[in-house]
Amino acid sequence: MGSPTVLLVLLIFATMYCIICLDVVNPWLGGYQTAQGCFHLLTFTLLMSMALISYALTVTRDPGPVPAYDGLGSQPNDGLGDAECGDVDAGVKAKTTAVHVEVKRKGNGTAPRFCSKCLAYKPPRTHHCRQCRRCVLKMDHHCVWVANCVGHGNQKAFFLFLFYTTLSLVYALYLLISFGIDMLHQQAETKTSSFQSHRAPLPSIARPCFAGALLLPLSMGVGSLFAWHTRLVATNQTTIETYEGVRVRKTLASGETASASHSRVYDVGLWANVTSILGDNPPLWFVPWVGGPIGPGSAAGDGVRFPTRLDL
Ligand SMILES: [Zn+2]
Ligand SMILES: [Zn+2]
């Protein structure tokens with residue numbers, strides 16, 4: 001949590017929250033003294049709180065520890081016994097018992113992937129992060145703004161961080177623009193009024209203007225990232241896979257192998273894709289600390305085995 005970028009994000013959050021509450025809603029709508037002010041303050045506080053909780057989970061959760069594996073010469077997934085999958089949902093386990101091996105895209109294209117830095121087998125969708133100096137299960141990318149990798153363990157938290165931050169920023173922009181329009185009207189009325197001395201002074205707009213200048217690029221940047229990750233969740237891809245593509249091989253019961261090569265090898269349908277990341281229970285999709293890849297009610301499995309198009 002002591003990373004400079006994490007502190008900068010927290011500072012931006014705190015600045016935004018203080019300006020919107022103290023310099024916009026309080027002087028404009030009377031804060032908690034009026035129903036309208038109370039509604040806006042509570043809604044904005046709720047959105048910001050959910051964004052912050054999602055952010056804290058993304059920063060602090062392990063993005064995907066690779067389980068220990070012995071015997072590099074044998075089938076990689078054979079080495080994982082039931083004990084290591086004990087907390088995996090039974091339905092998902094049944095779907096993923098077939099042995100899938102992600103293979104190298106270069107060279108002869110048949111060897112299972114191996115990390116030369118960790119000196120260990122790389123399960124499907126796992127990648128080595130140079131910043132973290134380790135392999136990460138279902139690695140999406142290393143994010144400097146969370147000072148952590150985004151992977152199997154914190155993908156849901158990261159996605160909800162983008163979701164709630166986008167909502168918070170758009171809501172803050174809506175309040176700022178409404179406030180600005182109201183101030184302009186009041187200013188015009190003051191100029192034409194013959195009772196200027198009896199009117200309350202207009203609130204200062206210096207800090208709200210600063211907030212607006214910060215909010216506009218921020219909301220566009222975070223909003224675009226949220227749209228991108230919504231597409232990734234819907235198609236069950238990671239950022240790395242969209243650029244590199246994936247090549248998987250499956251051993252059939254007959255002993256023969258089937259293979260597929262595509263950037264969307266793990267795309268097994270919209271519902272299965274979404275529930276594998278956000279959880280099986282739709283009302284809990286929006287709760288960052290419940291379900292998700294690792295945790296109670298997990299539907300995504302152990303991060304080592306994933307259903308593929310070869311299973312459809
Ligand atoms: Zn590695
Ligand atoms: Zn990393």
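Atoms considered below: every heavy atom in the structure, side chains included; atoms not considered: hydrogens, waters and symmetry mates. Just follow the structure's listing: the first ligand is 1, and inside any ligand the first atom is 1.
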(message) Could you measure the distance from the CG atom of Asn236 to the CG atom of Asn273? Nearest 0.5 Å is fine.
(response)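 These two atoms lie 4.5 Å from each other.
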(message) Let me confirm one number: the CG-CZ distance from Leu225 to Phe161, rounded to the nearest 0.5 Å.
(response) 9.0 Å
(request) Starting from the Zn ion (ligand 1), look over the N/O/S atoms of His128 and name the nearest one. (result) ND1
(request) Taking the six-membered ring for Trp and the single ring otherwise, decide whether the centroids of His141 and His127 are under 6.0 Å apart. (result)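 Judged by ring-centre distance (under 6.0 Å), His141 and His127 do not meet the cut-off.
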(request) Following the transitive rule for hydrophobic clusters with a side-chain heavy-atom cut-off under 4.5 Å over Ile, Leu, Val, Met, Phe, Trp and Tyr, establish whether Leu22 and Tyr174 coincide in one cluster. (result) no
(request) State, to the nearest 10 degrees, the angle whose vertex is the Zn ion (ligand 1) and whose arms point to SG of Cys118 and SG of Cys115. (result)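 Approximately 110° at the metal, rounded to tens of degrees.
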(message) Within rounding of 10°, what is the angle whose vertex is the Zn ion (ligand 2) and whose arms end at SG of Cys149 and ND1 of His142?
(response)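 Between SG of Cys149 and ND1 of His142, the angle at the Zn ion (ligand 2) is about 110°.
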(request) Please find out if the Zn ion (ligand 1) and some N, O or S atom of Cys129 are separated by less than 2.8 Å. (result) no
